[in-house]
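Letters go in sequence order (proteins before strands), and every chain restarts at 1.
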Amino acid sequence: MIPQYARAVEDIWSGASNWQMWARLGWLEIKRRYRRTAVGPFWTSFNLATMVFSVGFLFAALFNQPVASYMPFMTAGILIWQLINSIVAEGATVFTGGQALLTTLRISKTLLVAAMIWRNLIVFFHNLVVFAVVMLIWKVPVTWNTLLVIPGLALLAVNGLWVAILVGIVATRLRDVPQLIGGIMQIMMFLTPVMWSRDTLKGRELVGYIIDYNPFYHVVEIVRAPLLGQAPSLANWIVAALMIVVGGAGTLYVYSRFRQRIPYWL
Amino acid sequence: MVRIELKNVFVDFPIYGSSMSFRTELLQRATGGFIRRDGKKQRVTVRALEGINLVLNEGDRLGIIGHNGAGKSTLLKTLAGVYEPTQGEITVSGRLSPLFNIAPGWDVDDTGYENIMNCGLFLGMTPEEVRDKTPEIADVCGLGSYLHLPVRTYSAGMSVRLAFSIATAIDPEILLLDEALGAGDASFAATAQARVDRLLSRSRILVLASHATPLIKLWCNTAILLEHGRIVHKGSVDETVAVYDERTRAGAALLPLSAAAE
């Protein structure tokens, strides 16, 4: 039905365009989480740094990689994966967590999702400090390609929007889904070139081809390659953009059917 | 033009227990045992509103009377757009201000001033509007320099004063209230009363749900009586209250909501 689509689009637009509100909400949540801690959101950066500098050397040895190229690669990969992972995982609880607001106010559901994505981007920006240190130590070049990190992150965020809405709807109705998502994302981390590079599969091209069908790989790559001063491949851009078109259309369909049911399910 | 129209509105709440988890649904799919053969999913629902027809125009101050569980809050939330009707149609023109929670976004670790902004935004004001109204809110609640401190340090009475002062600062076109707005302590009562009166006179349509018939008599100029999600009486306030009292005496309305299988 056409009016349902119109209302779903209106909800998405009114939520996504109200940047003042989601920027504030996202920031407030960060403030609340880290209130009265000494270093605030840098706690996650600190934890990340500890992990990178301990596990990094071990994995470089395990994978027979030169430390100078492996450390920046892994740091960037983990940073991006943490962003993706928290968007998907928190997407599963975004509506149930917003229950108090969704059942007492007339508020765009997309607004809550946008605030959640913004909050995770803020954490990501804090974590970039760790990458900056790694860049300095192992002399990662800053090139014009580095600027591609901006469109890369934008594509990642828009993909995050539809994924989080979709996961959020399903998880609000079926409360087992958040657990399931946690498990799936853990497996996907190992199956995606985050800790290991696509190049290490040389000689086993078949596995490489399978990896090429992993959508997470392309989304990671459009942000990681620019961070490493390289340009992502055309295929990376195309897949990331296609995901928005296909996934966005699918989510729009599901959202227009079930959006008005969400408060009933809470 | 400010107007609300409900045409034959139904609201059914699905009841999900642990039985509707992924596991049982998978099992049911797999065994086919619990699903009816006609392919229709068996589902328990509670009918919270049934066939509601209602038109409200500028100047209407509607009181919703009814016992617990009669559907008062559900009707208010349906008007607010929280619940979209499962059947029927609702059209609203005008800015809605639901005041079900007078302090949405309230955080005890934020200062008074920060909370004015938090709540103001959630209550539908723009940041500029909140900034314009902040001196007025600060003045009414009378908390002075306490507003620079985290709300955690306030007494219960001070918190209520602040929340109340923020909530009554809005400029609603359509004001939806679940029970009365109140602000505890006696010294504040006169100010509070004046503020509520002014808030009500600013709003162009008022819908108030309450058990307290004296309050409805005071604030409303028309009323409906809800029983089990149906409008059983519609008319002037005195008339509706009389019907309510009579039916309460007869004990007619005290049965629980009936669960219906869809």
[X] atom [atom1]: more than 12 heavy-atom contacts under 6.0 Å:
| X | atom1 | result |
| --- | --- | --- |
| A:Arg33 | CZ | yes |
| A:Phe125 | CZ | yes |
| B:Lys7 | NZ | no |
| A:Phe46 | CZ | no |
| B:Tyr146 | OH | no |
| A:Trp43 | CH2 | no |
| B:Glu128 | CD | yes |

Given B:Asn101, B:Asp110, B:Leu76, B:Leu96, the one with more heavy-atom pairs under 4.5 angstrom with chain A than any other is B:Asp110
The interface call for B:Pro127 against chain A, heavy-atom contacts under 4.5 Å, is side chain
Heaviest contributor of heavy-atom pairs below 4.5 Å to chain B, chosen from A:Gln260, A:Arg259, A:Arg32, is A:Arg32
Max heavy-atom pairs within cutoff under 4.5 Å with chain B, candidates A:Thr103, A:Leu25, A:Leu102, goes to A:Thr103
To the nearest 0.5 Å, atom OG1 of B:Thr86 lies from atom CZ of A:Arg261 at 6.5 Å
Taken to the nearest 0.5 Å, the spacing of B:Glu84 CD from A:Gln4 CD works out to 9.0 Å
A:Arg106 and B:Val92, any side-chain heavy atoms less than 4.5 Å apart | no
* Hey, are the side chains of B:Leu121 and A:Met21 touching, using non-hydrogen atoms and a 4.5 Å cut-off? -> yes
Scanning both residues in full, the closest heavy-atom pair of B:Val82 with A:Thr104 reads CG2-C, 4.2 Å
Nearest heavy-atom approach of A:Trp265 to B:Pro14 is CD1-CG, 4.5 Å
Cut-off 4.5 Å, heavy atoms of chain B, and the answer for A:Leu101 is side chain
Would A:Leu28 and B:Asn118 count as a side-chain contact (heavy atoms from CB on, under 4.5 Å) here? Give the steps. CA-CA 9 Å; A:Leu28 271 180; B:Asn118 294 349; 3.5 Å; yes
